[in-house]
Amino acid sequence: MAKDFASKEENYSQWYNDLVIKADLAENSAVRGCMVIKPHGYAIWERIQSTLDRKFKETGHVNAYFPLFIPKSFFSREASHVEGFAKECAVVTHYRLKNDPEGKGVVVDESARLEEELVIRPTSETIIWNSYRDWIKSYRDLPILINQWANVVRWEMRTRLFLRTAEFLWQEGHTAHATKEEAILEASTMLGVYADFAENWMAIPVLTGTKSPNERFAGALETYAIEALMQDGKALQCGTSHFLGQNFAKAFDVKFLNRDNQLDYVWATSWGVSTRLMGALIMAHSDNNGLVLPPRLAPVQVVIVPVFKTAEQLALVTEKVQPILRSLESRNISVKYDNRETHTPGWKFSEHEFKGVPVRITIGPRDLEHGTVEIARRDTLEKETLRLTDLENKVVHLLDQIQQNLFEKALAFRENNTFYANTWKEFTDILDSKGGFIYAHWDGTSETEEKIKAETKATIRVIPLNNPVENGKCILTGKPSQGRVVFARAY
RNA sequence: CGGGGUAUAGCGCAGCCUGGCUAGCGCACCUGGUUUGGGACCAGGGGGUCGCAGGUUCGAAUCCUGCUACCCCGACCA
């Protein structure tokens, strides 16, 4: 059943409408292409945030905050950067409203025009490097390892809930280094952090690699990415880490004296993941009953649903539940006791399933009599009855098992949807019939990649790291190639 | 910006072609009762300037004109 739903070639926005909005994750806002993230959705985002934040700090980073508004002139400093973002910037031109002289609400006060327009950040490289110029004089000031949690705005022509919203939440790391090698190491280290998070917390297997020049970040010399496969066979870029070379240092004149007393430009990286990760979670694991959350990211890991007819029965059940709550909480498990009297047990079962709670425990009069509880797992929907005394160990074990199972299921799915194409016909046949990742030879030119995209909508998702050398022929042009790259249709 | 579609209760929709009683249905909401181990049932109830403006007509949700908003497909997209 779940398979049917997930494998449909239908648009995922339908899925969002059916699942996500009802699941209290988000809903469309009045503002074009923006999202309201409701409490349940935000709780998931907070879990993502706190986990990543800890990892950033473990790797030596600190948090800071830079302004939302960026003077327009900053964007013209780095040529390829402005070219990449110019078409999707929201611009602030005025700072005051006034009453409409004709009495029709308020109008923009034309006398309050800004001398220089402000761009609402689509990303913060420019304003951050403008600050770094004053912070860096010597190699002793380096490295700077800063992360920022923020919102950004990109006025995309078409938006899609979670995957491409006009405003989204993210973190952006911006680091400055004395050497090229150190900057490249930083970019690849952070890619590793993202890959670890995706696989071990989100339970989503990812491919890691570099982007082709076409798909590279505007202003970067190299873009590293993690790329995941969704249940409908389309790829989703889940995080990127960029080696920016000295481009931004040159654009913002950030120079330092190195150990040899020589003036040099600083080397840079930037890296980020966004609320798009929540789209990935939904599309990778959900089934027909709603969201399926990996235990390590679930705001509520265990829900306890009492079954009762009378207030006395509820009191008896609650008495049994109290020690369970305490013992699970003492093992750092997030538990919720859903003792609402306004909803029936059946209602609660469905609701918590919808929201993706990994484990559900049911206790009712029958259990009180027998000293048992019923335990149900969200990923397989299996239920079993066990002795109350076995519960604690079972829950701990089950949470691990579910985390593991979700990853393995997603990995098996990816493996079953990864193909090798040696000819153009094989390539297009796979794309049209199955989708998924396709390893194929490419002649290494942008023109060829663009042609392939124009004909099939497939793009190069990653050029795998440590790509094995294999002599072959480009699937489109037949020109020689030394290794396969990964193609897919993507979000 | 091009192509297609939609706008009727909080949500989802029917009615429109072929104008006509008080604009209807499901979900949700409220009240009472019975229920409660997989989204309970019965009875009663509240909620609408039918997207906006104009026109045709004795009469417009329905026909005509204009406008606006939103959705889908494309172009676009770290």
Side-chain angles (χ1 to χ4, degrees), chain A residues 10-14 16-18 21-22 27-33 80-81 83-89 122-125 152 154-161 163-166 168 170 172-173 187 191 194 210-227 236-244 269-274 276 289-290 305-311 313-314 317 339-355 360-370 372-376 381 383 385 453-454 457 459 461-462 490-491:
Chain A
E10 71 189 24
N11 194 311
Y12 267 112
S13 66
Q14 184 59 44
Y16 285 130
N17 287 333
D18 287 349
I21 291 176
K22 283 187 197 159
E27 64 185 20
N28 290 318
S29 151
V31 181
R32 173 197 178 278
S80 57
H81 190 67
E83 199 182 314
F85 285 105
K87 282 178 282 183
E88 51 187 64
C89 287
T123 179
S124 303
E125 273 80 2
V152 289
R154 294 180 188 180
W155 213 262
E156 304 283 1
M157 288 177 181
R158 228 177 103 202
T159 55
R160 226 191 254 273
L161 200 55
L163 301 185
R164 190 172 297 108
T165 44
F168 55 94
W170 78 344
E172 46 181 328
L191 185 77
Y194 289 154
T210 57
K211 288 283 179 183
S212 65
N214 280 2
E215 299 278 322
R216 203 174 277 161
F217 176 71
L221 296 189
E222 189 78 274
T223 288
Y224 302 87
I226 54 171
E227 201 79 20
L236 183 69
Q237 177 175 302
C238 293
T240 48
S241 180
H242 315 288
F243 168 58
L244 302 172
T269 81
S270 69
W271 29 271
V273 296
S274 70
R276 174 181 266 202
N289 294 322
V305 177
V307 179
F308 58 93
K309 286 189 171 65
T310 62
Q313 271 180 344
L314 176 60
V317 171
N339 59 354
R340 288 176 297 173
E341 297 180 53
T342 47
H343 295 270
T344 61
W347 176 278
K348 293 175 186 173
F349 294 166
S350 301
E351 188 182 24
H352 295 298
E353 250 160 43
F354 213 84
K355 291 189 170 184
R360 183 187 70 235
I361 294 168
T362 309
I363 302 182
R366 244 159 38 200
D367 298 298
L368 292 182
E369 228 174 278
H370 301 120
T372 57
V373 292
E374 183 188 83
I375 189 165
L381 299 171
K383 293 191 283 200
T385 300
K453 185 181 179 184
K457 292 184 194 161
T459 50
R461 302 320 302 162
V462 286
Y491 277 103

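By convention in this document, chain letters (A, B, ...) are assigned in the order of the sequence lines, proteins followed by strands, and residues within each chain are numbered from 1. Remember, predicted model here, so these are calculated numbers, not experimental data.
Helical stems involving RNA chain B, defined as 3 or more consecutive Watson-Crick or G-U pairs under 3.5 Å, span B:1-7 with B:68-74, B:10-13 with B:24-27, B:29-34 with B:40-45, B:51-55 with B:63-67.
The nucleotide whose nearest atom lies closest to any side-chain atom of Phe354(A) is, among G39(B), C77(B), G37(B), G39(B). Residue Arg164(A) has its side chain nearest to C77(B) when only G39(B), C77(B), G38(B) are considered. Among the nucleotides G37(B), C76(B), G38(B), the one closest to the side chain of Glu353(A) is G38(B). For Lys457(A), taking side-chain heavy atoms from C-beta onward, the closest of the listed nucleotides G39(B), G74(B), U36(B) is G74(B).
Remark: the separation of the C1' atoms in G38(B) and C29(B) is 24 Å, to the nearest Å. Comparing the P positions of C77(B) and U18(B) gives a spacing of 46 Å, expressed to the nearest Å. Taking the C1' atom of each, G15(B) and U68(B) are spaced 24 Å apart, rounded to whole Å. For the P atoms, the distance linking C72(B) with G66(B) amounts to 26 Å, nearest Å. One C1' atom belongs to G20(B), the other to C1(B), and the distance between them is 44 Å to the nearest Å. If you take atom C1' in C16(B) and the same atom in G37(B), they sit 48 Å apart, rounded to whole Å.
The interatomic distance linking Phe308(A) (CZ) with G37(B) (C1') rounds to 13 Å, in whole Å. As rounded to whole Å, 15 Å separates atom P of G37(B) from atom CG of Leu368(A).
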Q) Going through the checks in order, is the side chain to side chain contact (heavy atoms under 4.5 Å, CB included) test met by Leu244(A) and Phe217(A)? A) CA-CA 9 Å; Leu244(A) 302 172; Phe217(A) 176 71; 4.0 Å; yes
Q: Test Val152(A) against Glu172(A) for side chain to side chain contact (heavy atoms under 4.5 Å, CB included), laying out the working first.
A: CA-CA 10 Å; Val152(A) 289; Glu172(A) 46 181 328; 4.3 Å; yes
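Residue Thr362(A) is classed as a base contact, given a heavy-atom separation below 4.0 Å to a base. If you check every strand for non-hydrogen atoms under 4.0 Å, Arg360(A) touches a base. No engagement by Trp271(A) is indicated, since no non-hydrogen atom pair under 4.0 Å with the nucleic acid exists. Base engagement by Pro122(A) is indicated by at least one non-hydrogen atom pair under 4.0 Å involving a base atom. Residue Glu88(A) is classed as a sugar-phosphate contact, given heavy-atom separations below 4.0 Å to backbone atoms only.
Contact check, Lys383(A) against G38(B): no side-chain N or O comes under 4.0 Å of OP1 or OP2.
The residues Glu374(A) and Arg366(A) are annotated as not salt-bridged, no charged nitrogen and carboxylate oxygen being separated by less than 4.0 angstrom. With respect to Glu351(A) and Arg340(A), a salt bridge is recorded, a charged nitrogen being found less than 4.0 Å from a carboxylate O.
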Could you list all N or O pairs between the protein and nucleotides 26-35 of chain B that sit under 3.5 Å apart?
none

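Cation-pi geometry between Arg276(A) and Phe168(A) is not met: the NZ or CZ atom fails to fall both under 6.0 Å from the ring centre and inside 45° of the normal.
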